[in-house]
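Presented below is the structure to which this report refers.
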Amino acid sequence: METIQELIAARREKVQALRNAGVQPYPYTYERSHTIEQFYQNFDSIKESEQEISIAGRMVAKRVMGKASFAHIQDETGRLQIYVKRDDIGTDPYQQYKKLTDLGDWMGLRGKAMITKTGEKTLHVTEWTMLSKAIRPLPVVKEDAETGKRYHEFTDPDERYRNRPLDLVVNPEVRKIFRTRARVISFIRRFLDDRRYLEVETPALQPLYGGGTARPFVTLHNQLKKNLYLRIADELYLKRLIVGGLDRVYEIAKDFRNEGVDRTHNPEFTMMECYIAFEDYMYHVNLVESMVSEMVKDIHGSYTLKYEDEEIDFAPPWGRVRFFDALNEKTGEDLLGADLQKLKEVAKRLHVPIPEGASVGKMQDELFSELVEPTFTRPTFVLDYPVELSPLAKRHRDNPLLVERFEAYVAGMEICNAFSELNDPDDQRARFEEQVRARSAGDEEAMPLDEDYLEALELGLPPTAGLGLGIDRLAMILTNSGSIRDVVLFPLLRDKEQHSEEDAE
RNA sequence: GAGAGUGUAGCUCAGCUGGUAGAGCAGGGGCCUUUUAAGCCCAAGGUCGUGGGUUCAAGUCCCACCACUCUCACCA
């Protein structure tokens, strides 16, 4: 036996051998009395009472020594050594155990608590049951019991992302990452539910996309013979609900953006958006600050955590800086209201690259992200963005060149975006029209004009604060993950098959 | 999109200035009734990412392509 096909064939023969011996290789249920964690927690009383308990899990290490064997069984809660002896379980069951089980098999084990010579808490098996015979071999990761040093680890990131079940079996820290991600999401739900936000679901398939600046995925509805878009944001639908009088709503959902794939971008990603009537953007500054800081404390037991090489302190209050205050300070100029000419001059002087066909908004964004963003080491709110960058945000009450908008930055990543929602239908129409002009000038990310949404606004959107929070990035920060692929179970990957020449661009 | 790197057995990796592929683990056979990276003995195992090229000879050199990783640029 050698090739993978031969290894699988050998295991199929074991399946047959089990059947021939009257052993079900794929039975229906198994009654387990304890998880492995519970076994350890109650070890003393189980040992004292000499009761038989049962566990179920996957065999991840096997050490046969003639007429007795040790193995390690892994379930979701941990890993336990078992001791199987011929004279305890009988000759036939022992032979079957010894010859017909493999690493990767799911098994149920009944037995009593024992401690080995070397002091390891162990299940002394009286009966074993095959629960599911694995016919494809696992990578074998060996672990030094004392030092915890791991050998022959399954590490190739490509293979890990492509074969996530294997990754989860073999790499315990991966299981932990996804448990933490789940806690992030359930924390947010609880936090918003407690504040009487209503969880709603809006369409992922939309006749017209909107709510962000991004290129969408397009798909075809066969019967309607109509193009539909996968949503790039929930925003416009959620605000329609506020118009309808549901005055606190939120949604946690996948958005889809037809754009590049890299360390911080997956084409589908999870976003939380929430909207509340009768409040403005400052309400959400406070909400984000308390939600995220309490989340960090809840999950890590402390307001500080380590991300890559930085120690990040989430304790409130976070930094607050106004967009133009920060930008003016860095440039030594007053750029509020500056025209394109002036912005380009400043960019040139400070060696900031000037993108082709840059607009005023684009240049402001460029200067800010080049000069100011990298200086945020701790969680920071950036407030009051230029109007050019924010077609759905309400004009600032003190300055019509600005909008009431903020973003929060953590570890150099933008984690949320929020504003006082634009509810003047005529101003909104004018902004949409501006987007349409940008679009025909070649900006493929500019928003289309949404007549149906404008009609909703004409019914009256109360004063509203809105917020979008990137769940994946939050999960990255909370799990100290360098790539979004580490916090998405099944990230989008390119096909591994060879591409023909005409696929190449 | 640009630059750098990686791709060899199921897994982790060697493979020199080109000479026809190696180890450990896993798997097979044997021994072993408290081992823990269990151990000892035996045997087996490879489209060297894909496609071309140079050469008497290519895992190794050249070209193209594919995938992934890192850095940089852009969208959350």
Side-chain angles (χ1 to χ4, degrees), chain A residues 1-11 13-14 61-72 79 81-88 94 99 102-104 114-120 122 124 136-162 166 170 212-215 232-233 255 257-273 353 355 362 365-366 369-370 407 413-417 444-445 468-474 476 482-485 493-501 503-505:
Chain A
M1 15 235 74
E2 206 294 310
T3 65
I4 183 68
Q5 289 80 12
E6 287 168 318
L7 292 173
I8 289 171
R11 287 173 176 225
E13 284 170 22
K14 293 182 187 181
K62 186 181 178 187
R63 297 180 292 280
V64 175
M65 306 168 312
K67 297 174 189 65
S69 300
F70 287 94
H72 274 94
R79 190 176 273 219
Q81 178 167 262
I82 62 166
Y83 178 58
V84 186
K85 195 162 69 162
R86 189 194 67 182
D87 295 349
D88 294 329
Y94 186 73
K99 305 304 289 183
D102 287 291
L103 298 185
M114 69 174 268
I115 293 186
T116 61
K117 270 183 188 169
T118 52
E120 182 165 350
T122 298
H124 191 152
R136 186 174 287 274
L138 293 179
V140 182
V141 180
K142 299 238 172 184
E143 193 171 332
D144 188 306
E146 276 172 27
T147 64
K149 190 171 189 306
R150 289 155 66 82
Y151 300 83
H152 310 299
E153 261 185 294
F154 179 59
T155 51
D156 182 341
D158 186 20
E159 290 303 321
R160 287 184 40 227
Y161 301 140
R162 281 179 202 282
L166 208 52
V170 149
T213 50
R215 295 172 66 184
I232 60 168
D255 289 343
R257 298 193 178 179
N258 207 337
E259 289 165 350
V261 175
D262 68 19
R263 216 176 88 251
T264 55
H265 299 271
N266 196 54
E268 56 178 305
F269 62 101
T270 304
M271 179 92 119
M272 187 284 287
E273 288 193 37
K362 186 79 194 160
D365 191 31
E366 196 69 24
S369 48
E370 198 69 24
E407 295 189 352
M413 283 189 282
E414 180 197 332
I415 59 162
C416 74
N417 183 15
E444 293 190 66
E445 292 182 349
L469 182 72
I471 302 290
D472 308 274
R473 290 186 175 176
L474 215 46
M476 285 171 66
S483 167
I484 195 169
R485 288 175 169 180
L493 297 170
R494 291 166 202 259
D495 289 347
K496 215 169 184 182
E497 293 92 67
Q498 301 300 308
H499 285 206
S500 55
E501 296 286 322
D503 284 350
E505 291 196 8

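Letters A, B, ... mirror the listed sequences (proteins, then strands); counts begin at 1.
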Determine the Euclidean distance between corresponding [atom1] atoms of [M] and [N]; express it in Å to zero decimal places.
N: B:G1; M: B:C61; atom1: P; result: 27 Å
N: B:C56; M: B:C13; atom1: C1'; result: 32 Å
N: B:A73; M: B:G10; atom1: C1'; result: 40 Å
N: B:G19; M: B:A4; atom1: C1'; result: 32 Å
N: B:G51; M: B:A14; atom1: P; result: 24 Å
N: B:C62; M: B:U6; atom1: P; result: 12 Å
N: B:G46; M: B:G59; atom1: C1'; result: 11 Å
N: B:A26; M: B:A38; atom1: P; result: 7 Å

Base, sugar-phosphate alone, or nothing: which one does [X] contact when heavy atoms must sit under 4.0 Å apart?
X: A:Phe154; answer: sugar-phosphate
X: A:Arg79; answer: nothing
X: A:Met114; answer: base

In whole Å, what is the span from the [atom1] atom of [X] to the [atom2] atom of [N]?
X: A:Arg160; N: B:U69; atom1: CZ; atom2: C1'; answer: 12 Å
X: A:Asp156; N: B:A9; atom1: CG; atom2: P; answer: 11 Å
X: A:Glu6; N: B:G46; atom1: CD; atom2: C1'; answer: 11 Å
X: A:Tyr151; N: B:C25; atom1: OH; atom2: P; answer: 13 Å
X: A:Glu159; N: B:A9; atom1: CD; atom2: P; answer: 11 Å
X: A:Glu120; N: B:A37; atom1: CD; atom2: C1'; answer: 13 Å
X: A:Glu153; N: B:C25; atom1: CD; atom2: P; answer: 18 Å
X: A:Leu138; N: B:U12; atom1: CG; atom2: C1'; answer: 15 Å

For [N], the Watson-Crick or wobble counterpart (both distances under 3.5 Å):
N: B:C32; answer: none
N: B:A38; answer: none
N: B:C68; answer: B:G5

Identify, with sequence neighbours excluded, every residue that meets side chain to side chain contact (heavy atoms under 4.5 Å, CB included) alongside A:Arg86.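 Counting only residues at least two positions away or on another chain, A:Arg86 forms a side chain to side chain contact (heavy atoms under 4.5 Å, CB included) with A:Lys67, A:Thr91, A:Tyr94.
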
A:Ile4 side chain near A:Arg136 side chain, heavy-atom distance below 4.5 Å: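 Of all side-chain heavy-atom pairs linking A:Arg136 with A:Ile4, at least one is under 4.5 Å.
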
Going by salt bridge (charged side-chain N to carboxylate O under 4.0 Å, His left out), name the residues that satisfy it together with [X], two or more places apart in sequence or in a different chain.
X: A:Glu120; value: none
X: A:Lys62; value: none
X: A:Glu407; value: A:Arg405

Would you please name every residue forming a ring-ring contact (aromatic ring centres under 6.0 Å, His included) with A:His124, sequence neighbours left out?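 Residues passing ring-ring contact (aromatic ring centres under 6.0 Å, His included) with A:His124: A:Tyr83.
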
Do any N or O atoms of the protein come closer than 3.5 Å to N or O atoms of nucleotides 39-42 of chain B, and which pairs are they?
none

What residues, two or more places apart in sequence or in another chain, satisfy side-chain hydrogen bond (donor to acceptor under 3.5 Å, both in side chains) together with [X]?
X: A:Glu259; answer: none
X: A:Glu143; answer: A:Arg150
X: A:Asp365; answer: none
X: A:Gln81; answer: A:Arg63, A:Thr122

[X] vs [N]: side-chain N/O to OP1/OP2 distance below 4.0 Å:
X: A:Arg11; N: B:G28; answer: no
X: A:Lys14; N: B:G28; answer: yes
X: A:Arg63; N: B:A38; answer: yes

Are the side chain of A:Asp255 and the backbone N or O of A:Phe269 linked by a donor-acceptor pair below 3.5 Å?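 Flag not set: sc A:Asp255 to bb A:Phe269 has no pair under 3.5 Å.
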
Please answer whether the main-chain N or O of A:Phe154 pairs with a side-chain N or O of A:Arg160 as donor and acceptor at a distance below 3.5 Å.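 Judged by distance alone, no pair lies under 3.5 Å.
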
Return the polar atom pairs (N/O with N/O) between nucleotides 20-24 of chain B and the protein under 3.5 Å, or none.
unit_1 : atom_1 : unit_2   : atom_2 : d
B:G24  : N2     : A:His152 : ND1    : 2.9

Kindly give the heavy-atom pair with the smallest separation between A:Leu138 and A:Gly104, and that separation in Å.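 So the two residues come closest at CD1-CA, 3.5 Å.
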
Which heavy atom of A:Ile232 sits nearest to which heavy atom of A:Ala214, and what is that distance?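 Scanning both residues completely, I find the closest heavy atoms to be CD1-O, 4.0 Å.
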
Identify which nucleotide among [options] has an atom closest to any side-chain atom of [X], counting heavy atoms from C-beta outward.
X: A:Thr116; options: B:U33, B:U69, B:U34; result: B:U34
X: A:Lys99; options: B:C68, B:G29, B:A37; result: B:G29
X: A:Leu103; options: B:U69, B:A26, B:U35; result: B:A26
X: A:Pro139; options: B:C11, B:U35, B:G46; result: B:C11
X: A:Asp144; options: B:G10, B:U69, B:A37; result: B:A37

Below 3.5 Å, does any donor atom in the side chain of A:Gln81 face an acceptor in the base of B:U35, or the other way round?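 Answer is yes: a donor-acceptor pair is held.
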
Pick the nucleotide of RNA chain B nearest each of A:Val140 and A:Ala61; which residue has the one closer to the 5' end?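 First, find each residue's nearest nucleotide; the 5'-ward one identifies A:Val140.
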
For each nucleotide in nucleotides 70-76 of chain B, reading 5' to 3', give B when a protein heavy atom comes within less than 4.0 Å of its base, S when such contact involves only the sugar-phosphate, and - otherwise. -S-BBBB

